[in-house]
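Small disclaimer: the values here were computed from a predicted structure and weren't measured. Naming convention: chains lettered A, B, ... in sequence-line order (proteins, then strands); numbering from 1 in each chain.
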Number of protein chains: 2
Amino acid sequence: MTEQLEQFLTLTIRATQDDLGKILSCFKVRQIAKNEILLNDTETCRHIYFINSGSVRAYFIDEEGNEATRYIAFENNFITTLNSFITQTTSTEFLQATENGEVMAISYQDFRQLLSILPIWKDLYIKQLEIAYTTNTWRLESFIKMDAKQRYDYLFETNPKVIQRLSNKIVANYLGITQESLSRLKGKK
Amino acid sequence: MTEQLEQFLTLTIRATQDDLGKILSCFKVRQIAKNEILLNDTETCRHIYFINSGSVRAYFIDEEGNEATRYIAFENNFITTLNSFITQTTSTEFLQATENGEVMAISYQDFRQLLSILPIWKDLYIKQLEIAYTTNTWRLESFIKMDAKQRYDYLFETNPKVIQRLSNKIVANYLGITQESLSRLKGKK
DNA sequence: ATAATTTTTTATCATTTGTCAATGTTTATG
DNA sequence: CATAAACATTGACAAATGATAAAAAATTAT
C-alpha cells in the first residue's frame with residue numbers, strides 16, 4: 001500500500017532509499033468510506049492525509065448553518081486543515097471522504113520529527129506549501145473576478161474530476177452557489 | 001533603514017547576530033511613490049519586498065479589462081508574486097504601491113542563496129508560507145460563504161487598514177465588487 | 001486659487017443569484 | 001425488491017449586484 005506514496009515521493013523529491021524508508025514508515029494506511037468524517041470541527045487536526053484513491057473534502061459550516069467546501073483533494077494529493085494542524089488547536093473545519101478510498105496518514109508528532117531529522121522532508125513541505133498557496137490563489141482569483149457560470153467553466157477546464165466524480169450538491173458548494181443555481185447554470189450555453 | 005526589518009526578524013526567528021547580518025545585507029532599500037508600478041504583468045518577478053512603510057497591492061486584469069486586487073500588504077509584511085518568483089516565469093499580476101512609502105527588496109538570487117546557506121532562512125520561509133496560505137484561505141472562505149456586505153464587515157474587523165487608508169476604488173476591487181456597490185453598501189445598516 | 005482630474009455618491013434599470021416550493025430521479029437501506 | 005432518504009431539476013418570486021449615466025465631492029496639478 002505504500003507504493004503509491006513512494007512513487008509520488010520519488011517523482012517529487014530526490015530521496016535516498018534510506019530517506020524513503022524513514023518517511024514511509026511514518027505513514028499508516030486507512031480505508032475511508034464515502035461520507036465518513038475524518039475530522040470534526042470540534043477536534044484538533046492530528047494528521048496530514050495522502051490520498052491513494054478516492055477523494056476528501058475540507059468544509060466548514062457558516063453562521064446560517066450552511067456548508068461551504070474550501071478544498072477537495074483527489075488521489076496523489078495531500079489534505080489537512082493546516083492551521084489547526086500547525087498550531088495544534090481546535091479546527092474550524094471538517095474533513096470528509098467524498099468517495100470510498102484509501103488514505104495514508106502521518107501524525108503531527110511524526111511530521112515534526114521528520115522535519116527535524118530530514119532536510120529533504122523540509123524541502124517537500126516547502127514545495128507542498130508553495131503548491132497549496134498557488135492553487136488557493138487561483139481559486140481566490142476565480143472568486144474575485146468571475147461570476148458563477150465562469151467559475152463553473154473554469155472548474156471544468158482546470159479540475160474536471162470535481163464535476164465528473166462528485167455530486168452536484170458538493171460541486172455547487174465548492175463553487176459557492178446553491179444547487180439550484182448550478183442546475184440552471186448547466187442548462188444554459 | 002534596516003532596523004525595521006531587523007526587528008521583524010528578531011521577533012519572528014531566533015537568528016544569531018551573524019545570521020542577521022547575512023540576511024540584512026541582501027536587502028536593498030527603495031522608496032516607492034503612490035501608484036508606482038513595481039512589477040508589470042509582462043515581466044518576471046525578481047524580488048520579494050518587505051514593507052517598511054506604506055502599502056503595496058497585487059492585482060491582475062481580467063478578460064474584460066477590469067482590475068482585480070488579490071492582496072494588499074502593509075508595513076511589516078512581505079509581498080511578491082509568488083508563482084512568478086518561484087518559477088522565474090512571466091507574471092500575470094502587477095505589483096503597485098498604493099501609498100508613498102519604503103520597501104526592502106531581496107533578489108531571487110540572494111533569496112535562493114540564503115535558502116541554501118541558512119537553515120534559519122528556510123524556517124522563516126516556511127513560516128511565511130504558512131501565514132500566506134492561512135490568510136489566503138480565510139479570504140477564500142469569505143468569498144465562498146459571504147455576500148458583499150458581510151465581506152465588507154469582515155474586512156472592517158480583520159483588516160481595517162484597507163478601508164481606512166485606501167480609496168474606495170481599491171477597497172471595492174479587493175472585495176470583488178464595483179465601486180457603486182460598495183458605496184451603497186456603506187450606506188445601509 | 002483655479003482648473004482639471006479623479007473619486008464618490010445617487011439613481012434607474014437589467015441581470016444574476018438566492019429562496020421557497022413542488023416534482024422527478026437516483027441512491028442507500030431494510 | 002420495496003421503501004425511504006437524499007439529490008437534482010424546474011418554476012415563481014425576491015434580493016443582491018452589475019451596468020450605465022450623471023452629479024457631487026475630493027484630490028491633484030498648474
Side-chain angles (χ1 to χ4, degrees), chain A residues 31-37 54-55 57 59 61-69 72 94 96-101 142-156 162-189, chain B residues 32-37 54-55 57 59 61-69 72 96-101 142-156 162-189:
Chain A
Q31 305 303 319
I32 53 173
K34 184 174 176 176
N35 296 326
E36 184 181 342
I37 299 289
S55 53
R57 70 172 178 138
Y59 71 97
I61 295 185
D62 66 22
E63 311 80 47
E64 283 106 41
N66 300 315
E67 293 183 3
T69 299
I72 302 172
F94 296 80
Q96 180 190 40
T98 36
E99 297 174 303
N100 294 324
S142 80
F143 274 95
I144 303 176
K145 73 175 173 192
M146 297 178 186
D147 63 22
K149 176 75 170 92
Q150 290 172 314
R151 287 206 298 281
Y152 178 79
D153 292 341
Y154 177 72
L155 181 61
F156 193 85
V162 173
I163 294 169
Q164 288 156 0
R165 287 163 48 177
L166 305 180
S167 71
N168 272 0
K169 192 179 173 182
I170 290 175
V171 175
N173 220 249
Y174 185 70
L175 290 171
I177 56 177
T178 60
Q179 292 176 66
E180 293 92 335
S181 291
L182 176 58
S183 196
R184 271 172 290 188
L185 231 63
K186 295 199 297 185
K188 66 176 165 187
K189 145 77 198 39
Chain B
I32 53 173
K34 184 172 177 178
N35 296 325
E36 184 180 341
I37 299 290
S55 54
R57 71 174 178 137
Y59 71 96
I61 296 187
D62 66 22
E63 313 79 46
E64 286 106 39
N66 301 314
E67 293 182 5
T69 299
I72 303 172
Q96 180 189 42
T98 35
E99 296 174 303
N100 294 326
S142 80
F143 275 95
I144 304 176
K145 72 174 174 190
M146 297 179 186
D147 64 20
K149 177 74 170 94
Q150 290 172 315
R151 287 205 299 282
Y152 178 79
D153 291 341
Y154 177 71
L155 180 62
F156 192 85
V162 174
I163 295 169
Q164 289 157 358
R165 286 164 48 175
L166 305 180
S167 71
N168 273 359
K169 193 179 174 181
I170 290 177
V171 175
N173 220 249
Y174 185 71
L175 289 171
I177 57 177
T178 59
Q179 294 176 62
E180 292 90 341
S181 291
L182 175 58
S183 195
R184 266 176 296 189
L185 234 62
K186 295 199 297 182
K188 68 177 163 187
K189 148 75 203 48

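Between A:Tyr59 and A:Phe94, the angle of the ring planes stays under 30°, which puts this pair in the parallel group of the 30/60° scheme.
For DNA chain D, each stem of at least three Watson-Crick or G-U pairs (distances under 3.5 Å) is given as range with range: C:1-30 with D:1-30.
Between A:Lys169 atom NZ and A:Thr98 atom OG1 the span is 13.0 Å, to the nearest 0.5 Å. Here B:Ser55 contributes atom OG and B:Ile32 contributes atom CD1; the two are 7.0 Å apart, rounded to the nearest 0.5 Å. Interatomic distance, A:Lys34 NZ to A:Gln96 CD, rounded to the nearest 0.5 Å: 9.5 Å.
When the side-chain hydrogen bond (donor to acceptor under 3.5 Å, both in side chains) test is applied to A:Gln150, no partner is found at least two apart in sequence or on another chain. Under the rule for a salt bridge (Lys or Arg N to Asp or Glu O under 4.0 Å), B:Glu64 has no partner lying at least two apart in sequence or in another chain. Listed by chain and residue number, A:Glu75, A:Glu99 satisfy the salt bridge (Lys or Arg N to Asp or Glu O under 4.0 Å) test with A:Arg165 (two or more places apart in sequence, or in another chain).
Less than 4.0 Å separates DNA chain C from at least one heavy atom of each of the following residues of residues 169-182 of chain A: A:Gly176, A:Ile177, A:Thr178, A:Glu180, A:Ser181.
For the pair A:Arg151 CZ and C:dT16 P, the interatomic distance rounds to 14 Å; values are reported in whole Å. Distance, A:Asn66 CG to C:dT17 P: 17 Å, rounded to whole Å. The distance from atom CD of A:Glu64 to atom C1' of C:dG18 is 12 Å, rounded to the nearest whole Å. Rounded to an integer number of Å, the gap from A:Gln150 CD to C:dT16 P is 10 Å. C:dT6 atom C1' lies 14 Å from atom CD of B:Glu67, rounded to whole Å.
By the 4.5 Å heavy-atom criterion applied to side chains, B:Leu155 and B:Tyr174 are counted as neighbours. Counting only heavy atoms from C-beta outward, the side chains of B:Ile163 and B:Tyr152 approach each other to under 4.5 Å. B:Arg57 has its side chain out of reach of B:Leu166: every pair of non-hydrogen atoms, C-beta onward, lies at least 4.5 Å apart.
Dashed line: the shortest gap from a side-chain N or O of B:Lys186 to OP1 or OP2 of C:dT9 is under 4.0 Å.
Closest approach of B:Thr69 to A:Ile144, counting heavy atoms only: O-CD1, 3.5 Å.
Once you apply a 4.0 Å limit to the heavy atoms of chain A, the touched nucleotides of DNA chain D run 5' to 3' over D:dC7 to D:dA12.
Comparing B:Asn168 and B:Arg184 against DNA chain C, the residue whose closest nucleotide sits nearer the 5' end is B:Asn168.
Side-chain atoms of B:Ser183 lie closest to C:dT10 of the nucleotides C:dA28, C:dT10, C:dT17.
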